[in-house]
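Atoms within each ligand, like the ligands themselves, are counted from 1 in listed order. Numbering of residues begins at 1 and proceeds along the displayed sequence.
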Amino acid sequence: MKPKFFVTTPIYYVNGAPHIGHAYTNVAADVMARFKRLDGHHVFFLTGTDEHGQKVEKAAAEAGMAALTYVDGISARFRDLTTLLGLSNDDFIRTTEARHIRSCQELWRRVAAAGDIYLGHYEGWYAVRDEAFYGEDELRVMPDGSRIAPTGVPVEWVREPSYFFKLSEWSERLLAFYEEHPDFLAPVSTRNEVISFVKGGMHDLSVSRTSFKWGIPVPDDAAHVMYVWFDALTNYLTATGFPDERAERAGFWPPDLHMVGKEITRFHCVYWPAFLLSAGLRPPKRVFANGWMTVDGQKMGKSMGNAIDPWALVARYGLDPLRFFLMREIPFGQDGDFSPRALVQRLNGELANELGNLAQRSLSLVARHCEGRMPSRGAATEDDATLLALAEALPLRLRTALGRQAMGEALEATWQVVRAANAYIDRQAPWTLAKTDRARMAAVLRVLADVLRALATVLQPFMPGSMARMLDQLGVAPDQRDLADLANPVPDATVLPAPSPVFPRFVDEDRGAD
Ligand code: MSP
């Protein structure tokens, strides 16, 4: 039986249109899902929308719409985003669905039965934009006396009856859990932040609200709706069919990887494992926090008014160049600026010139001088063997890098081989061999075809559409495109389709090519 792999994105708030920041985490999670499938896993890839809470309720009111109508509309746009980005998600969850309401209420009952929930009274600061509670000591006081959360958003004073989760009693157990599971949280900077937050001592957490209605009712006390983060985090459990232990996807629990933005690690790494452990359920194996995509150094977001529209980018540059750029440009885990100019440089340089030309040059020679059929291997020279060895090492190098979500490192390892192959083709000059030594020319072209196949195979998770086209041109059968299939060479004399460039150069109509 194939090993299982369960990977998730955050579920997105439906308070505004999707932007490129959302696309960033989506693409990263999709790369992980696709790579694991390629590497022989049975994958469950989940994404969806977070539809309850005050923030969404407020956005609906501002749009002058009933909450449910409003969330239906925006959730559909996030679903469209998955199509736009070519995501391979297996499910799309909405927190307004009946399956989710049932699952949240059951988790609540279990946590309550464990003695971790009590009724009290909350009085303190709340930031609707973050859907988070803050202590007085965390806030900045402004000259007019108002207060600002560490994230820069306003807070308001909330005073109401509330159920609490006994988070204050969980510090020791959480610290022990982090200690026993060193891979639970990455990158290391985020890990250190979370640990020091827990070490600093924690207050009990308010997990219900009474001052508004847009949420999941607390079991047996309909005056309360659940705190939106209790509701939201539970989506991961719902999607496995919880509480039905015989559900088709029950065996995927616990998640192998939650991909999240760094601003929501506290929820995923402190509250979430505490809720689950309290209910007697296993916590996720790993949470990876990506950095922020910034515009002129500021986090991109709808409230910042600097959001970039993914639809416009895909229309202008194409999907795969965008996916490649997102994973290549910014070291995954760190913040980085989004710049269309840098995207065009990567597209024209690495994709069109380096990889695209390599394929086009090699395959045109095959078409012209080998009757369009896959040439046979000859006796390998040292130069051949060195390049082939580099290509053969790729699956392992990618497995290692992506095992740590080092997306950029995986692409850098791949590009080392692209560059080595370009140097090889220039050294071997098969266009000259065509006139002097046809047997050697054929052997060189076969080496190049095999190296291109390895490259296209490992790059599929990043650029699925373009790499499928490249594998078609290389005569690789559709059922021969997993990592393990690299052991089966394309049969000699396979008829290849006429080559055509996979990555056209981008020419800016106003400025000429960058
Ligand atoms: N609804 C919560 C998450 C609940 S998960 C159980 C939420 N939603 S959100 O709509 O604000 O989306 C947050 C996620 O979108 C971030 O954690 C991150 O993954 C992604 N990003 C949103 N803006 C981003 C950037 N500017 N840069 C990088 N990622 C960004 O929080």
Enquirer: Would the F5 and F44 ring centres measure less than 6.0 Å apart?
Expert: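 No.
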Enquirer: Taking only heavy atoms of D50 into account, list the atoms of ligand 1 that are under 4.0 Å away from them.
Expert: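 Counting from 1, the qualifying ligand atoms are 1 (N), 2 (C), 4 (C).
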Enquirer: Given F338, Y236, Y13, identify the one with the heavy atom nearest to atom 11 (O) of ligand 1.
Expert: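 Among F338, Y236, Y13, the closest heavy atom to atom 11 (O) of ligand 1 belongs to Y13.
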Enquirer: Can you sort out which atoms of ligand 1 are near A232, meaning under 4.0 Å from one of its heavy atoms?
Expert: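 This gives 6 (C) as the contact atoms.
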Enquirer: Identify the residue among I264, T234, V287 that makes a side-chain contact (heavy atoms from CB on, under 4.5 Å) with W272.
Expert: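 It is T234; the other options fail the test.
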Enquirer: Can you list the atoms of ligand 1 that are under 4.0 Å from a heavy atom of G291?
Expert: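 The atoms of ligand 1 under 4.0 Å from a heavy atom of G291 are 28 (C).
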Enquirer: Output yes when the distance from some N or O of ligand 1 to some N or O of M300 is under 3.5 Å, and no in every other case.
Expert: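 Such a contact does occur with ligand 1.
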Enquirer: For the residue pair R266 and F197, would you count it as a cation-pi contact if the rule is NZ or CZ under 6.0 angstrom from the ring centre and within 45 degrees of the ring axis?
Expert: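 Geometry flag: set, cation within 6.0 Å and 45°.
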Enquirer: Identify, for atom 15 (O) of ligand 1, the protein heavy atom at the shortest distance, and state residue, atom and that distance.
Expert: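 The closest one turns out to be Y12 CE2, 3.3 Å.
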Enquirer: Does K262 reach ligand 1, in the sense of a heavy atom lying below 4.0 Å from it?
Expert: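 For ligand 1, residue contact (heavy atoms, under 4.0 Å) with K262 is absent.
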Enquirer: Please say whether Y24 places an N or O atom under 3.5 Å from an N or O atom belonging to ligand 1.
Expert: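 No, there is no polar N/O contact under 3.5 Å.
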Enquirer: Are Y118 and F164 an aromatic pair, judged by ring center distance below 6.0 Å?
Expert: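 Centroid separation for F164 and Y118: below 6.0 Å.
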Enquirer: Taking atom types as modelled and ignoring hydrogens, do the side chains of W125 and E156 form a donor-acceptor contact shorter than 3.5 angstrom?
Expert: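 Not at all, the side chains of W125 and E156 share no donor-acceptor pair under 3.5 Å.
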Enquirer: Is M259 touching ligand 1 with its side chain, its backbone, both, or neither, if touching means heavy atoms under 4.0 Å apart?
Expert: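 No part of M259 comes within reach of ligand 1.
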Enquirer: What is the nearest protein non-hydrogen atom to atom 24 (C) of ligand 1, stated with its residue, atom name and distance?
Expert: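 The closest heavy atom on the protein side is G21 CA, 3.5 Å.
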Enquirer: Heavy atoms only, cut-off 4.0 Å: how does W229 contact ligand 1, side chain, backbone, both, or neither?
Expert: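 Side chain only.
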Enquirer: Identify which of V260, I11, T9 has a heavy atom lying nearest to atom 2 (C) of ligand 1.
Expert: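 It is I11 whose heavy atom sits nearest to atom 2 (C) of ligand 1.
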Enquirer: Please report, to 0.1 Å, the donor-acceptor pairs under 3.5 Å made by any side chain of residues 77-85, with sequence neighbours excluded.
Expert:
unit_1 : atom_1 : unit_2 : atom_2 : d
T82    : OG1    : R79    : O      : 2.5
T83    : OG1    : R79    : O      : 3.4

Enquirer: Could you tell me whether R346 sits above the aromatic face of F325, with NZ or CZ closer than 6.0 angstrom to the six-membered ring centre and within 45 degrees of the axis?
Expert: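 No.
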Enquirer: Write out the residue and atom name of the closest protein heavy atom to atom 18 (C) of ligand 1, then the distance separating them to 0.1 Å.
Expert: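 Result: T25 OG1, 3.4 Å.
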Enquirer: Distance under 4.0 Å to a non-hydrogen atom of N290: what atoms of ligand 1 satisfy this?
Expert: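 Near N290, meaning under 4.0 Å from one of its heavy atoms, ligand 1 has 28 (C), 29 (N).
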Enquirer: Side chains of S75 and E51: is there a donor and an acceptor less than 3.5 Å apart?
Expert: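 Present: a donor and an acceptor within the cut-off.
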Enquirer: Distance to the ring centre below 6.0 angstrom and angle to the axis at most 45 degrees; does that hold for R191 and F184?
Expert: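 Verdict for F184: no cation-pi partner in R191.
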Enquirer: From atom 23 (N) of ligand 1, work out which of H268, M293, H19, Q298 has a heavy atom at the shortest distance.
Expert: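 Residue with the shortest heavy-atom distance to the ligand atom: H19.
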Enquirer: Give a yes or no on whether the ring-centroid distance for H42 and F252 is below 6.0 angstrom.
Expert: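 When the ring centroids of H42 and F252 are compared, they turn out to be within the sub-6.0 Å range.
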